[in-house]
Amino acid sequence: MLKIYNTLAREKQIFTPIIAGKVSMYVCGMTVYDYCHLGHARVMVVFDMVSRWLRASGYDVNYVRNITDIDDKIIKRANENGETIGQLTQRFIDAMDEDSEKLGVIRPNLEPRATEYVDGMIQMIAALIEKGFAYVAANGDVFYSVNNFEGYGKLSGKSLEDLRAGERVEVDTHKKDPMDFVLWKSVKPNEPSWASPWGNGRPGWHIECSAMSSHLLGEHFDIHGGGQDLQFPHHENEIAQSEAAHSHDGKPCQMVNYWMHNGFVRVDDEKMSKSLGNFFTIRTVLEKYDAEVVRFFILRAHYRSPLNYSDKHLDDAKLALTRLYTALRGHVVTDIAIDWQHPQAARFKEAMDDDFNTPEAMAVLFDLANEVNKTKAVEAASLLKSLAGVLGLLQRDANDFLQGSPIVASLNTTLEPLTGGLGSDSYTELMIKKRTQAKQEKNFAESDRIRKELADAGIILEDSPQGTTWRRA
RNA sequence: GGCGCGAUAGCAAAGCGGUUAUGCCGCGGCCUGCAAAGCCGUUUAGACCAGUUCGACUCUGGUUCGCGCCUCCA
């Protein structure tokens, strides 16, 4: 029985879908004006893991992750670059797709773009005005009136009173209440705009998710996810918009049953964020680390815990993943359905059902690796690979990982790994043959010299009764 | 200031009111020509102070420290 920590309730709750056997899930995706950083990687990987586990549990999952392709920063960046907004956003959507594919993220069922749903947003804003939850200000902007929505603050646990006390931003004089937020911004020079009953303009940020989620998943759906920083104000405002717009006879309509928020990626114990400038893009990290190592690193922590990024931690993750692949090496495993009655599989399931406890699930993987190493049983190896597959890990051939192309940036430039020189696959194979011969002749000095030479080039040799194998450090 | 989260061994990171987490590192042994890998064993825990309990890392209260949200942010 799956339990999910529901931000709305501030506790783990048994997951019951609205429609038996089906799950509708919406996750706030990226604003595409720059490359994705590791914080974005975490959202993508975490909710990919969630959708995989829901599917492995037998649910028919409809997973929607939106793309924000119209926003202040996008407009600004496009202007700076002298390119159109469409060019800019498409470029970074393509980059995002590349990054997420490398990280083993299965594409969501739908990836709606905000600009494709402006009509829906306008309709929703009109409904909000009609029902008395929004008003047109003197400057032509349309604002949401937080005072008229009784449940405002229920997700973030904030009261309007507290929020006003903590007000740090210059108050927009067009607002009736400082906490009111914009639904529609009237057009400004050199900005894209759409026609609306309130004049030309463009949507505010929050309204897009309300419009897209209700259009694609309905007024009431199962799971809504995103980074912890979206809890307030973004998700709070989504609830206010959706539940008010979909209210019937003055009664709000519940928007989402389970709200999920993943923890931040940190650098030196500080949140990784664009504003702090302490972020690492996914592609920068992938220059140095295998994408599966990054995925492993992310899933190694519980999704709600903070995750500290550093080279040391990635190195550690790499060694740990190497242990798992080493256990799988040499086994020809066939894809078989997981027997969830198996003690280790049951333990894995229990961990995942407990609010997606991937660290505990991974401990099962390591215990299985130990069993594989001890017994050489192909059944154990198959189970290891299958269970890891549920997390999107360990699906490559073991040698592809262990002998994987050296990461160029970390290579000594005098080596020629790709052209047959020291450090290359072919040179390694050649030297292994020479060394095997030397060993047969009991010429251990030569054999050790070769091993040392390769070791210095990052190639580790491992002798066994079946011959010598190699891997990259 | 308001609201919230956290503090576990050298590092990372979980569960659990009493029984080995797990990975990396360290140490000892087995294996090996020697290594590596693997296997076996093993040293380092639960910020601090009280309380509840036969028994607390685990529950309760307090203290200290760290972090996050309250402004765009995954």
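Below, read A as the first sequence line, B as the second, and so on, with proteins coming before strands; counting in each chain starts at 1. Model, not experiment: these values are computed from the prediction.
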Nucleotide nearest A:Pro359 when distance is taken to its side chain, options B:G23, B:A13, B:A74: B:A13
Euclidean distance for C1', B:C3 against B:A47 (whole angstrom): 24 Å
Contact under 4.0 Å: A:Asn357 side-chain N or O vs B:A13 OP1/OP2: no
Value in whole Å for how far the P atom of B:C39 lies from CD of A:Glu462: 13 Å
A:Asp290/A:Lys318 ion pair, N-O < 4.0 Å: no
Aromatic ring pairing A:Phe348/A:Trp340, orientation class (parallel under 30°, perpendicular over 60°, tilted between): tilted
A:Glu446 bridged to A:Arg435 by N-O distance under 4.0 Å: no
Student check: side-chain heavy atoms of A:Met362 and A:Arg300 closer than 4.5 Å: yes
Expected rows: protein N/O vs nucleotides 65-68 of chain B N/O, under 3.5 Å:
{"unit_1": "B:C67", "atom_1": "O2'", "unit_2": "A:Arg266", "atom_2": "NH2", "d": "2.9"}
{"unit_1": "B:G68", "atom_1": "OP1", "unit_2": "A:Lys271", "atom_2": "N", "d": "3.3"}

Euclidean distance for P, B:A37 against B:G15 (whole angstrom): 31 Å
Salt-bridge contact A:Asp71-A:Arg202 (side-chain N to carboxylate O under 4.0 Å): no
B:U22 to B:A14 separation - C1' atoms, rounded to the nearest Å: 8 Å
Whichever of A:Pro233 and A:Ala320 has its nearest RNA chain B nucleotide further upstream toward 5': A:Ala320
Residue met sooner reading RNA chain B from 5', once A:His313 and A:Asn373 are mapped to nucleotides: A:His313
Parallel, tilted or perpendicular: ring planes of A:His313 versus A:Phe297, cut at 30 and 60 degrees: parallel
Side-chain donor/acceptor of A:Asp315 to base of B:C24, under 3.5 Å: no
Separation between the P atoms of B:A13 and B:U53, rounded to whole Å: 36 Å
Residue A:Asp448, side-chain atoms from C-beta onward, closest of B:U22, B:A12, B:G33: B:G33
Distance, rounded to the nearest Å, where A:Gln466 contributes CD and B:C31 contributes C1': 14 Å
Ionic contact status for A:Lys452 with A:Asp448, cut-off 4.0 Å: no
Base of B:G6 paired with side chain of A:Ser305 (donor-acceptor, under 3.5 Å): no
Sugar-phosphate only, base, or nothing, as touched by A:Arg323 at under 4.0 Å among non-hydrogen atoms: sugar-phosphate
Pairwise C1' distance, B:G4 and B:G46 [rounded to whole Å]: 23 Å
Within 45° cone of A:Phe232 ring axis and under 6.0 Å: A:Lys158 NZ or CZ: yes
A:Leu38 and its side chain to side chain contact (heavy atoms under 4.5 Å, CB included) partner, picked from A:Thr284, A:Val267, A:Val294: A:Val294
Sugar-phosphate, base or nothing in reach of A:Asp72, heavy atoms under 4.0 Å: nothing
Sugar-phosphate, base or nothing in reach of A:Met44, heavy atoms under 4.0 Å: nothing
Touch class at under 4.0 angstrom, heavy-atom based, for A:Gly227 against every strand present: sugar-phosphate
Check: B:A74 base within 3.5 Å donor-acceptor of A:Arg42 side chain: no
Residues A:Lys76, A:Glu80: salt bridge by 4.0 Å N-O rule: yes
Sugar-phosphate only, base, or nothing, as touched by A:Arg300 at under 4.0 Å among non-hydrogen atoms: base
Options B:G33, B:A74, B:A37, nucleotide nearest the side-chain atoms of A:Arg471: B:A37
Contact residues, residues 430-439 of chain A to RNA chain B [heavy atom, < 4.0 Å]: A:Arg435, A:Lys439
B:U32 and B:C27, which share atom name P, separated by this distance in whole Å: 22 Å
Cationic N near anionic O, under 4.0 Å, A:Lys3 to A:Asp353: no
Below 4.0 Å: OP1/OP2 of B:C40 and any side-chain N or O of A:Lys374: yes
Touch class at under 4.0 angstrom, heavy-atom based, for A:Phe444 against every strand present: base
Sidechain-backbone polar pair: A:Asn443 side chain, A:Lys439 backbone, donor-acceptor under 3.5 Å: no
B:G51 to B:G66 separation - P atoms, rounded to the nearest Å: 28 Å
Side-chain N or O of A:Thr375 closer than 4.0 Å to phosphate OP1/OP2 of B:C39: no
Sugar-phosphate only, base, or nothing, as touched by A:Gly263 at under 4.0 Å among non-hydrogen atoms: base
A:Asp354/A:Lys12 salt bridge by N-O under 4.0 Å criterion: yes
Touch class at under 4.0 angstrom, heavy-atom based, for A:His37 against every strand present: base
Sugar-phosphate, base or nothing in reach of A:Val265, heavy atoms under 4.0 Å: base
Rounded P spacing from B:A9 to B:C57 in Å: 14 Å
Sugar-phosphate only, base, or nothing, as touched by A:Thr326 at under 4.0 Å among non-hydrogen atoms: sugar-phosphate
Between B:A13 (C1') and A:Glu360 (CD): distance, integer Å: 11 Å
A:Asp72 bridged to A:Lys185 by N-O distance under 4.0 Å: yes
Pair A:Glu101 + A:Arg107: basic N to acidic O under 4.0 Å: no
Residue A:Asp162, side-chain atoms from C-beta onward, closest of B:C70, B:G2, B:C39: B:G2
Sugar-phosphate only, base, or nothing, as touched by A:Asp71 at under 4.0 Å among non-hydrogen atoms: nothing
Sugar-phosphate only, base, or nothing, as touched by A:Ile460 at under 4.0 Å among non-hydrogen atoms: sugar-phosphate
Under the 3.5 Å Watson-Crick or G-U criterion, the dot-bracket string of RNA chain B, with | for inter-strand pairs: (((((((..(((.....[...))).(((((.......)))))....(((((..]....))))))))))))....
Phosphate OP1/OP2 of B:A12 contacted by A:Asn308 side-chain N/O (<4.0 Å): no
